[in-house]
Trainee: 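Okay, handing you the structure first.
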Amino acid sequence: MKLRGLLPEGQIVAGYIKGAEPKGFLLESGPAEEANVLNGGQLAAIVKKYNIDTIYNLAALLSAVAERKPLMAWDVQMNGLLNILEIAREQHVAVFTPSSIGSFGPETPHDGTPQDTIQRPRSMYGVTKVATELLSDYYFHKYGVDTRSVRFPGLISHVTLPGGGTTDYAVEIYYAAVKGEEFVCPIAAGTYMDMMYMPDALKAAVDIMQADPARLVHRNSFNIASMSFDPEIIYRKIQEHIPGFKMRYEVDPVRQAIADSWPNRMDDSCAREEWGWTPSYDLESMTVDMIEALRKKLAVK
Ligand code: SER
């Protein structure tokens, strides 16, 4: 929808898989096609039919789901990407494939995580994200395919609920607070992770693809950051706006181990220097916006 707002009507084709057909405004506002990343022939035909010049490859299993279904995660993340890169090479298409804070691992410096540093993740999600970065750079260096990417923090949105990520708690906490429910937090106090409000994430996805290629020293993938907090900080921030809100902990060992291996706070100075990245939201402005939007969505006064 963000891209449809920026380009003339009919120019953005929404890709979907069976069982997740677009509905409502997404369906009405432009073309949509079944585009399973595991079906290269299907993708190639769509690229040709619409003369597509850029693919946003958002198909992926998030970190906690990927630990439950590692083979499927590998298939979607890696074979899906390979299909897209091959089409990009043949039909001269630019490709954006997100990487993540999940591409880092326990040996990565956790504070001020540099752009270029140790990436030895131990989760399947992380393994596929590092491989995504390498394969995307390979296609750029070997074939000149215009691949670009950002390492997204945990993304927070009031529109679509995430599914099976380690950072999902930071979305779910707002739903609980607005519904007047106690929140049971699966991540331990003191666990810091980078997070980002969706409007900033969308801005990054657009800006990186519009950046002047002559300025890009890096491509796959850029650290981007806007805020970092632990469960206590976001809990107290929400309490400033919803004073009766309560939270308790029931730590999920799978998600906690993943969270412990991820950065506390990334250094995003390369993105700032090479393509002018700057976020607009901090924890306070995101919280105000999330609560207001969810009150409307859930029709709570
Ligand atoms: N939000 C993602 C996850 O938790 C991180 O990229 O899996």
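For ligands, and for the atoms within them, numbers begin at 1 and follow the listed sequence. Numbers here are sequence positions counted from 1.
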Trainee: Check ligand 1 for close polar pairs with the protein: N or O on both sides, less than 3.5 Å.
Mentor:
{"from": "ligand 1", "atom 1": "1 (N)", "to": "T167", "atom 2": "OG1", "distance (Å)": "2.7"}
{"from": "ligand 1", "atom 1": "4 (O)", "to": "S63", "atom 2": "OG", "distance (Å)": "3.4"}
{"from": "ligand 1", "atom 1": "4 (O)", "to": "T166", "atom 2": "N", "distance (Å)": "2.6"}
{"from": "ligand 1", "atom 1": "4 (O)", "to": "T167", "atom 2": "N", "distance (Å)": "3.1"}
{"from": "ligand 1", "atom 1": "4 (O)", "to": "T167", "atom 2": "OG1", "distance (Å)": "3.3"}
{"from": "ligand 1", "atom 1": "6 (O)", "to": "S100", "atom 2": "OG", "distance (Å)": "2.6"}
{"from": "ligand 1", "atom 1": "6 (O)", "to": "Y125", "atom 2": "OH", "distance (Å)": "2.9"}
{"from": "ligand 1", "atom 1": "7 (O)", "to": "S63", "atom 2": "N", "distance (Å)": "3.0"}
{"from": "ligand 1", "atom 1": "7 (O)", "to": "S63", "atom 2": "OG", "distance (Å)": "2.6"}

Trainee: What pairs with Y139 under ring-ring contact (aromatic ring centres under 6.0 Å, His included), at least two apart in sequence or on another chain?
Mentor: Y143
Trainee: So which pairs with a foot in residues 275-288 pass salt bridge (charged side-chain N to carboxylate O under 4.0 Å, His left out), sequence neighbours left out?
Mentor: K237-E284
Trainee: Which class fits the ring pair W262 and Y125: parallel under 30°, tilted 30 to 60°, perpendicular over 60°?
Mentor: tilted
Trainee: Report the distance from atom OG1 of T113 to atom CZ of F104, rounding to the nearest 0.5 Å.
Mentor: 6.0 Å
Trainee: Mind checking whether Y197 and H158 have parallel, tilted or perpendicular rings, split at 30° and 60°?
Mentor: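 Answer is tilted, since the angle falls between 30° and 60°.
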Trainee: Can you sort out the partners of E250 under salt bridge (Lys or Arg N to Asp or Glu O under 4.0 Å), two or more places apart, ordered by chain and number?
Mentor: R248
